[in-house]
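Both ligands and their constituent atoms are indexed starting at 1 by order of listing. Just so it is clear, the values below take in all heavy atoms, side chains as well, and ignore hydrogens, waters and symmetry mates.
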Amino acid sequence: MAYADLREFIKTLEKHGELKRIRVPVSSDQEITEITDRVSKRGGPALLFENVNNGPIPVLINAFGSRRRMELALEVNDVEDVAARLTEWLDFKSPQGLIEKVKMLPKLAELGRYFPRDVKSGVCQEVVKREGEFSLFDLPVIKCWEADGGPFITFPMVFTRNPRTGKRNCGMYRMQIYDEKTTGMHWQIHKHGAAHHRDEEKRGSNRMEVAVAIGAEPITNFAATLPLPDDLDEMIFASFIREKPIDMVRCVSIDLEVPATAEIVLEGYVDPSERRIEGPFGDHTGFYTLEEPYPVFHVTTVTHRRNPIYQTTIVGRPPMEDCWMGWAITRITLPVLKRQFPEIVDMNLPFEGVFHNLMLVSIRKQYPGHARKIMNAVWGLGQAMFTKCIVVVDDDVNVQDPGEVVWKVLNNIDPERDIQFMLGPIDVLDHSSRQMGFGSKMGVDGTRKWSSEGFSRRWPKENRTSEEVKRIVDVKWKKLGLG
Ligand SMILES: Cc1cc2nc3c(=O)[nH]c(=O)nc-3n(C[C@H](O)[C@H](O)[C@H](O)COP(=O)(O)O)c2cc1C
Ligand SMILES: [Mn+2]
């Protein structure tokens, strides 16, 4: 029940045959990528490299890289269980009479358990290294791909505070190592870290405190990737999924808290007016993201556990570890979406669509133009606004089967009539849009067309044989010798 730290998760992965220890010496320069990429493409296990650059710090990678490992990380038999709990809370109505109010007390008490807890000390501060006592090159940070601008910390939990509301945020934003104590900070313009940064810059602040934790119990780490609303602290959400508070400890040199059992913590600041070229970086699209100016993170203190473990990931042509994280995010957020739009039946973001390029969504169509209403809804959401191509189908299409979607949609569309273009914000990683972060998106109305939508022809049914003939063939089947 509830992992205390990354080490307990590693033990569980190992117990379930989901982790392989590698004692053969490897280099952090692309070798870990090449090995992990091959393992990812075969659906293989998490890897714990115990001898990287002949150094003392082991490297964990691919820890979330399968459906089973996502379930072990979230401590559920099925990711849908998390979704179900979330729905139960969302459907929670305000109580009517006194009896209902009393009945609700235990449920509210339960909610109280979900808030992160501030603790006085944490193992993440067993070792404290101040300015001059550490070098970021002591960490086995990997250079992922050949043309990468340098080594990148790819799995960090980046903590910032909203300067207007004081609310905490935790996001996963990659960090390029520039030197012993400086890194890039790749929070893209649409993300919460970047929003805090813009606010600080507007205020003319010259120091925005930032804390980065690496390696924690898995739900904390996963929460850093969730597309939550503004000002909703990821640590609250993590505590909710975990059904136990995340213990947070105050940093030793700045006014931010980090998960108390984290393996490694980098404390420091971003000067809001400073930018430096970041990249290139072999990204999760499978292409390099080219160099661009990004904020700079100055590390002033490093703290860590004794014998720390360094957790990382690689991103690239799917399937990769992050595909499984994205898959879990979709399954967990679907019930929230369905609550807002009950006509939605199911949704699938095929791995090859790298999250933002393709969404397949099925609906119970109820009025003319309904498919376009859903496109507008998706483009009006948080990070789902980036969806470059939305394909809307009727509820008799299984969106979990992209082959079925291709078959039915391409039969159903008159392209000029059924494709809708829209201009708007685009994922910063899209290399094809006319400008970075701005461009066009496409919706495909793959639903059956109605006369009320101006379709005056007859719509055919799918081919099939009669029930009677099916029964006859069922009886004959064995004799046919067809297996
Ligand atoms: C492995 C991995 C690496 C990521 N790297 C970045 C990144 O460098 N920059 C970024 O803006 N988002 C990155 N993301 C996506 C963000 O973590 C995600 O959008 C998250 O919701 C951001 O948190 P926020 O909504 O609190 O800003 C990454 C996600 C994963 C799984
Ligand atoms: Mn956030």
Side-chain angles (χ1 to χ4, degrees), residues 33 36 40 60-65 70 73 142 144-145 148-149 152-162 165 167-177 183-199 210 212-215 218 220-238 270 278-286 288-292 294-295 297 311-316 318-330 332-333 349 351 354-356 381-387 425-430 436-437:
T33 302
T36 309
S40 291
L60 174 67
I61 195 165
N62 208 22
F64 293 90
M70 271 319 305
I142 63 173
C144 300
W145 304 98
D148 280 3
F152 283 80
I153 298 176
T154 54
F155 222 59
M157 291 160 269
V158 179
F159 289 88
T160 55
R161 218 186 281 291
N162 182 332
T165 64
K167 292 273 166 58
R168 174 166 59 208
N169 190 73
C170 175
M172 182 171 286
Y173 319 116
R174 69 165 186 252
M175 296 155 58
Q176 178 175 354
I177 306 281
T183 79
M185 184 51 82
H186 194 267
W187 45 48
Q188 297 152 10
I189 50 174
H190 307 100
K191 308 299 172 73
H192 290 141
H196 298 178
H197 180 258
R198 271 194 301 276
D199 263 3
V210 177
V212 175
I214 301 166
T220 310
N221 226 321
F222 175 62
T225 69
L226 286 174
L228 299 185
D230 300 359
D231 269 356
L232 203 167
D233 179 4
E234 282 76 8
M235 295 302 103
I236 294 179
F237 204 82
V270 166
E278 195 260 15
F281 177 69
D283 226 311
H284 82 98
T285 55
Y288 286 100
T289 299
L290 303 179
E291 313 89 291
E292 292 287 342
Y294 266 87
F297 177 50
Q311 185 172 4
T312 193
T313 193
I314 48 160
V315 294
M320 284 281 194
E321 176 170 15
D322 63 329
C323 293
W324 291 102
M325 301 172 77
W327 169 79
I329 292 173
T330 312
I332 292 171
T333 49
L349 279 59
F351 287 177
V354 301
F355 309 137
H356 62 271
L381 291 168
Q383 293 183 40
M385 70 177 164
F386 301 132
T387 310
I426 293 285
D427 196 298
V428 163
L429 302 185
D430 186 302
M436 203 228 274

> Relative to the ring of W324, is the ring of W327 parallel (under 30°), tilted (30 to 60°) or perpendicular (over 60°)?
Replying inline: perpendicular
Judged by heavy atoms only, the candidate from M320, K191, H196 nearest atom 15 (C) of ligand 1 is K191
Interatomic distance, OG1@T154 vs CD1@I214, rounded to 0.5 Å, equals 9.0 Å
Between the CZ atom in F237 and the CZ atom in F222, the distance rounded to the nearest 0.5 Å is 8.5 Å
The closest protein heavy-atom partner of atom 28 (C) of ligand 1 is M172 O, 3.5 Å
Worksheet item: What do the steps show when you test Y173 against H186 for ring-ring contact (aromatic ring centres under 6.0 Å, His included), and what is the final call?
Response: CA-CA 5 Å; Y173 319 116; H186 194 267; 8.8 Å; no
message = Counting only nitrogen or oxygen atoms and a 3.5 angstrom limit, does Y173 reach ligand 1?
response = yes
| field | Q383 N/O under 3.5 Å from ligand 1 N/O | value | yes
Contact region, T225 to ligand 1, non-hydrogen atoms below 4.0 Å, reads both
Taken to the nearest 0.5 Å, the spacing of Q383 CD from H356 NE2 works out to 11.5 Å
| task | Just say parallel, tilted or perpendicular for the rings of F386 and H190, cut-offs at 30° and 60°. | result | perpendicular
If we number the atoms of ligand 1 from 1 as shown, the ones under 4.0 Å from a heavy atom of P227 are 21 (O)
Excluding water, the protein N, O or S atoms sitting under 2.8 Å from the Mn ion (ligand 2) are N169 OD1, H192 ND1, E234 OE2
query: Is the shortest N/O to N/O distance between V315 and ligand 1 below 3.5 Å?
result: no
To the nearest 0.5 Å, atom OG1 of T289 lies from atom NE2 of H284 at 8.0 Å
One should read off an interatomic distance between D231 CG and K167 NZ, to the nearest 0.5 angstrom, of 5.0 Å
*Take the angle between the ring planes of F64 and F155 and call it parallel below 30°, perpendicular above 60°, tilted in between.*
tilted
Rounding to 0.5 Å, atoms CG (D233) and SG (C170) come to a distance of 8.0 Å
- request: Report yes if the distance between the aromatic ring centroids of F281 and F152 is under 6.0 Å, otherwise no.
  value: yes
Among R168, H284, Q188, M325, the residue with a heavy atom nearest to atom 11 (O) of ligand 1 is Q188
Nearest heavy atom to atom 26 (O) of ligand 1, choosing from N169, L232, T312, belongs to N169
Atom 8 (O) of ligand 1: closest protein heavy atom, distance to 0.1 Å, is R174 N, 2.9 Å
Residues passing the side chain to side chain contact (heavy atoms under 4.5 Å, CB included) test with T333, sequence neighbours excluded, are I329
Is any NZ, NE, NH1 or NH2 atom of the basic residue among R174 and D283 found under 4.0 Å from an Asp or Glu carboxylate oxygen of the other? yes
Quick look: E321 vs ligand 1, heavy-atom contacts under 4.0 Å, and the answer is neither
Original post:
Between T313 and ligand 1, is there a nitrogen or oxygen pair with a distance under 3.5 Å?
Top reply: no
Per-atom filter on ligand 1: closer than 4.0 angstrom to a heavy atom of G171 are 23 (O)
Original post:
Passes side-chain hydrogen bond (donor to acceptor under 3.5 Å, both in side chains), Q176 versus T183? Steps please.
Top reply: CA-CA 5 Å; Q176 178 175 354; T183 79; over 6 Å; no
Worksheet item: Can you find an N/O atom of L226 closer than 3.5 Å to an N/O atom of ligand 1?
Response: yes
Within 4.0 Å of some non-hydrogen atom of H186, the atoms of ligand 1 are 7 (C), 8 (O), 9 (N), 10 (C), 11 (O)
Counting heavy atoms under 4.0 Å, the part of A194 that contacts ligand 1 is neither
